[in-house]
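Data block below; observations after.
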Amino acid sequence: AHVKKVLMEQEDAALREREKLAQKRRDEKALRREMHMKILHNDPTWVLKAQRAVKLRDYRERSRKEKFAYEMKLAGMYDRLRSRPLMLEHAGVPQEQVSSKGVPADIDEGSHSAEDDLDDSFNVYDFDY
């Protein structure tokens, strides 16, 4: 009976020792994890890498938005240009008679100006630009 009691106490002591070691290992692991996180948060290279990635992403997004806005403005300008009739068409000059320079083909440069050929009823303010 006495031997059994001593053996039981030894087994209990060994079990407590193993549990102590296991708890110590868990505590050390948690401490290592915590230290690693603190090192990462205090490491300037890690922070700079993260900041660089964020700044690069923001720059690309801003650049994409600016390019889109520019293309939309350009498309709007082209639409306004296409919808606006030419000045000579306002004056009643047929498109076939207008040269590539936008001047009626029958007008001799220097003899008289294009304004001389305009009708008196033509008024610039009648048109919505």
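Counting only residues at least two apart or on different chains, no side chain to side chain donor-acceptor pair (under 3.5 Å) pair has a member in residues 47-58. Applying the salt bridge (Lys or Arg N to Asp or Glu O under 4.0 Å) test to pairs two or more places apart or on separate chains, those with a residue in residues 31-40 are Glu34-Lys38. Applying the side chain to side chain donor-acceptor pair (under 3.5 Å) definition to pairs two or more places apart or across chains, none involves residues 1-20.
Residue Leu7 belongs to a hydrophobic cluster whose other members are Val3, with links defined by side-chain heavy atoms closer than 4.5 Å.
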Below 3.5 Å, can you tabulate the donor-acceptor pairs from side chains in residues 64-73 to any protein atom, sequence neighbours excluded?
from  : atom 1 : to    : atom 2 : distance (Å)
Lys65 : NZ     : Glu61 : OE2    : 3.4

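Applying the side chain to side chain contact (heavy atoms under 4.5 Å, CB included) rule to Met77 yields the partners Leu74, Arg80; only residues at least two apart in sequence or on another chain are considered.
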